[in-house]
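Quick note: numbers below take in every heavy atom, side chains included, and nothing from hydrogens, waters or symmetry partners. Labels below follow one simple rule: chain letters A, B, ... track the order of the sequence lines, proteins then strands, and each chain is numbered from 1.
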There are 2 protein chains.
Amino acid sequence: MTFPLPPDPTGTILGRRTFLRGAALALAGAPLGRLAGQPPAGPETTAAGLIVRSREPQNLEFPVGRLDRVITPNELFYVRNHFPAPTVDAAAWRLKVEGHVARPVELTLEAIRKLPAVTLPATLECCGNNRADLSPKTKGVQWGPGAVSTAEWTGVPLGAVLEMAGIRPGAVEVVLEGADRGTVADPPSPGPIPFARSLPLAKALRPEVLLAHTMNGVPLPAAHGAPLRAVVAGWYGVASIKWLTRLIVTDRPFQGFYQTYDYSVWDRSIGVPQLRVVTGMEVKSLVSHPAPQEAVPAGKPYKIRGAAWAGEHTVTTVEVSTDGGQSWGAARLLGQATPFTWRLWEFDWNAPAVGPAKVLARATDDAGRTQPLTRDPDRKNYVINHLIPVAVEVRG
Amino acid sequence: MTFPLPPDPTGTILGRRTFLRGAALALAGAPLGRLAGQPPAGPETTAAGLIVRSREPQNLEFPVGRLDRVITPNELFYVRNHFPAPTVDAAAWRLKVEGHVARPVELTLEAIRKLPAVTLPATLECCGNNRADLSPKTKGVQWGPGAVSTAEWTGVPLGAVLEMAGIRPGAVEVVLEGADRGTVADPPSPGPIPFARSLPLAKALRPEVLLAHTMNGVPLPAAHGAPLRAVVAGWYGVASIKWLTRLIVTDRPFQGFYQTYDYSVWDRSIGVPQLRVVTGMEVKSLVSHPAPQEAVPAGKPYKIRGAAWAGEHTVTTVEVSTDGGQSWGAARLLGQATPFTWRLWEFDWNAPAVGPAKVLARATDDAGRTQPLTRDPDRKNYVINHLIPVAVEVRG
């Protein structure tokens with residue numbers, strides 16, 4: 001499932017590791033279009049190179065300059081936690097399935113591992129990805145462009161586990177509860193609440209919704225929800241509950257904190273604004289090369305590179321502009337289209353003039369959705385897929 | 001519909017108007033059980049005697065010491081606004097009925113007034129009533145005990161108006177939109193939003209849900225939502241949208257700001273906490289006499305008085321304790337039980353000893369609900385019906 005790393009045509013790119021450490025702050029915090037002479041001293045990174053956005057809870061960003069294949073190595077896969085990561089004893093651990101079911105069940109990890117497994121590559125993106133690019137600043141972790149990664153997940157379809165318990169007539173949703181928990185301040189929670197989200201059964205029973213015990217061929221790492229996590233392919237990452245402990249089938253919609261107060265956007269579809277939970281991913285693209293402030297050679301071939309994804313849909317085109325959006329050219333989509341997974345792309349550029357330039361990428365999907373030119377404020381601090389230019393310096 | 005004012009047996013009660021002005025602050029802000037020597041200088045009141053909790057938006061509290069009959073005079077009926085009161089031109093005004101209906105309609109006030117009318121006495125209580133008694137202090141208007149009042153409402157059943165438009169199969173709720181609007185800060189609303197709430201059709205179609213144009217026999221006053229407001233009898237006041245402009249029938253639950261962020265409480269019914277919109281009123285009682293810090297004569301008969309209500313249910317008993325809840329005696333319920341309306345009660349007390357005393361009232365309804373002894377923190381800053389003592393001074 002990996003694609004070969006395209007040859008690096010640039011002689012000018014900074015040493016990759018050095019660049020990432022140096023540019024991370026610029027990726028995250030720089031106002032749009034700012035051109036610094038030198039990258040500022042960067043934020044902390046993990047040994048593997050993840051950018052530390054917060055230590056506790058741990059929020060770690062994929063360094064997008066390391067994008068060179070479809071599958072993100074586990075140690076570079078972004079980490080988004082709301083609470084301290086729980087310690088789960090896999091031997092004592094059980095998955096409870098209860099609520100509006102015929103026969104509540106408890107499953108050991110061993111029993112789940114024995115069920116017929118499915119392997120699915122899927123891209124997860126935090127719906128706060130690129131939040132640092134919003135102006136004015138909004139609440140939440142100030143992600144740069146790297147709260148997105150792709151892995152090959154192996155596990156059991158959620159629907160198969162629900163079938164073991166027997167969904168009763170009248171059921172509408174399933175609540176997924178994680179072992180991670182803590183108190184929230186507004187509204188004040190009297191004591192800790194678990195991280196939990198619901199899925200309507202229409203999504204929960206689809207084949208792309210897995211309970212995954214394996215990530216890129218190895219047992220799920222602790223930071224990614226060991227021993228078992230949900231992978232709700234096509235939806236923003238928040239739905240993919242980690243450290244799963246319980247499934248509760250319900251006969252009325254669940255209104256947990258993380259789908260009412262948090263992770264909701266303004267929706268005007270009926271004429272009176274309301275708050276609607278964030279679900280399926282929008283169409284979006286990422287420019288991995290050049291990076292912000294990267295020096296690009298004038299008059300020489302340079303490969304602009306990146307990835308694009310569209311949730312439950314398939315990316316059909318990626319266009320690139322190097323003149324601030326006045327003209328666009330088609331990028332080459334690499335490899336094969338795979339549902340729920342980002343696709344790498346590249347675009348040949350021959351920068352004509354020395355000086356500052358802006359690189360833009362714009363993806364379109366098979367549902368006809370295209371990345372919007374401007375930010376929709378109804379999306380609050382979530383679902384950031386408008387065009388964000390990468391400011392670079394063309395040098396002679 | 002009015003009950004005669006019971007004779008006032010006390011010679012010791014302070015002049016009513018004077019007392020109210022003086023005691024309002026004590027009602028609102030005093031810690032439980034605090035006994036001040038003299039009532040502090042009180043907050044502003046309207047000419048009629050409503051206690052001003054905020055000027056803009058206007059939030060005015062019924063002075064509970066004025067409780068002497070079932071029906072609250074319009075000028076003493078509590079006022080709860082979220083935004084500045086809109087100015088509505090009744091001649092140009094229309095009620096739009098749209099959404100998941102067979103034929104959207106627009107109705108003039110004249111047309112609505114010609115429809116068969118129903119008159120219903122109903123108690124409305126703000127679910128933040130008594131918020132000033134909460135410790136620690138919570139967000140919102142710091143109401144004393146008087147964000148509750150009762151009027152005789154005349155209007156058209158909401159169901160009759162919905163029928164004119166024809167509810168389509170698959171409809172689940174109706175959104176009621178008011179003309180009052182403004183911006184909210186958290187989550188930030190991009191521009192003003194209207195005050196709006198939804199009702200499930202199961203409630204919306206009940207006969208006690210009116211669109212009222214008349215309040216206590218006169219055209220609805222501006223402060224109460226002229227020319228037309230909802231009266232959702234049995235539910236907390238927030239559901240009774242004022243300055244009604246539009247009804248939108250929906251085929252999925254509405255998640256407006258005022259039923260997700262605001263006006264929600266923690267609900268643990270399925271095991272994972274969630275936020276549930278506040279709907280039907282809980283059972284509750286109010287002690288109108290004695291008032292806090294009132295001087296009560298020792299060794300002489302004194303009539304403790306008040307009201308009790310229970311939303312969609314009927315109050316069956318009110319008990320009174322004058323010894324801090326160690327012993328209870330039954331109060332006399334006055335008049336007849338009327339659905340959706342508070343009932344006045346009285347209790348004969350002969351205070352034996354000079355010194356501080358605490359008066360408690362506890363109502364029970366025909367659903368078996370009794371006012372709880374202690375505050376449930378899951379209710380956040382809403383639904384305050386636990387026992388709140390009235391501290392008084394018995395004097396020789």
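- Counting heavy-atom pairs closer than 4.5 Å to chain B, the top residue among A:Ala196, A:Gly191, A:Pro377 is A:Pro377.
- If you measure heavy-atom distances from A:Thr260 to chain B, the contacts under 4.5 Å come from both the backbone and the side chain.
- Rounding to the nearest 0.5 angstrom, the gap separating the CD1 atom in B:Ile270 from the CZ atom in A:Arg246 is 7.5 Å.
- Ranked by heavy-atom pairs shorter than 4.5 Å toward chain B, the options A:Arg276, A:Glu98, A:Glu177, A:Arg268 are led by A:Arg276.
- Minimum heavy-atom separation, A:Leu275 to B:Phe257: CD1-CA, 4.0 Å.
- In this structure, A:Pro194 and B:Pro273 have side chains that are in contact, with non-hydrogen atoms separated by less than 4.5 Å.
- Residues B:Tyr261 and A:Pro187 are not in side-chain contact: their nearest non-hydrogen atoms beyond the backbone lie 4.5 Å or more apart.
- Proximity to chain A is absent for every atom of B:Val265, based on heavy atoms less than 4.5 angstrom apart.
- When each of A:Asp267, A:Val277, A:Asp378, A:Thr250 is scored by its heavy-atom pairs under 4.5 Å with chain B, the top score falls to A:Asp378.
- For A:Asp186, the part lying near chain B is the side chain, with the backbone staying farther off; criterion is any non-hydrogen pair under 4.5 Å.
- Counting heavy-atom pairs under 4.5 Å between each of B:Ile248, B:Asn381, B:Val175, B:Thr138 and chain A puts B:Ile248 at the top.
- Side-chain atoms of A:Gln255 and B:Gln259, non-hydrogen and from C-beta on, never get closer than 4.5 Å to each other.
- No part of B:Arg379 comes within reach of chain A, as not one of its non-hydrogen atoms sits under 4.5 angstrom from that chain.
- In this structure the side chain of B:Val272 never reaches within 4.5 angstrom of the side chain of A:Ile193, judged on heavy atoms.
- The shortest heavy-atom contact between A:Gln274 and B:Pro253 is OE1-O, 4.0 Å.
- Residue-environment remark: CZ (A:Arg168) exceeds the threshold of 12 foreign heavy atoms within 6.0 Å.
- Nearest heavy atoms, B:Pro188 versus A:Lys380: O-CG, 4.4 Å.
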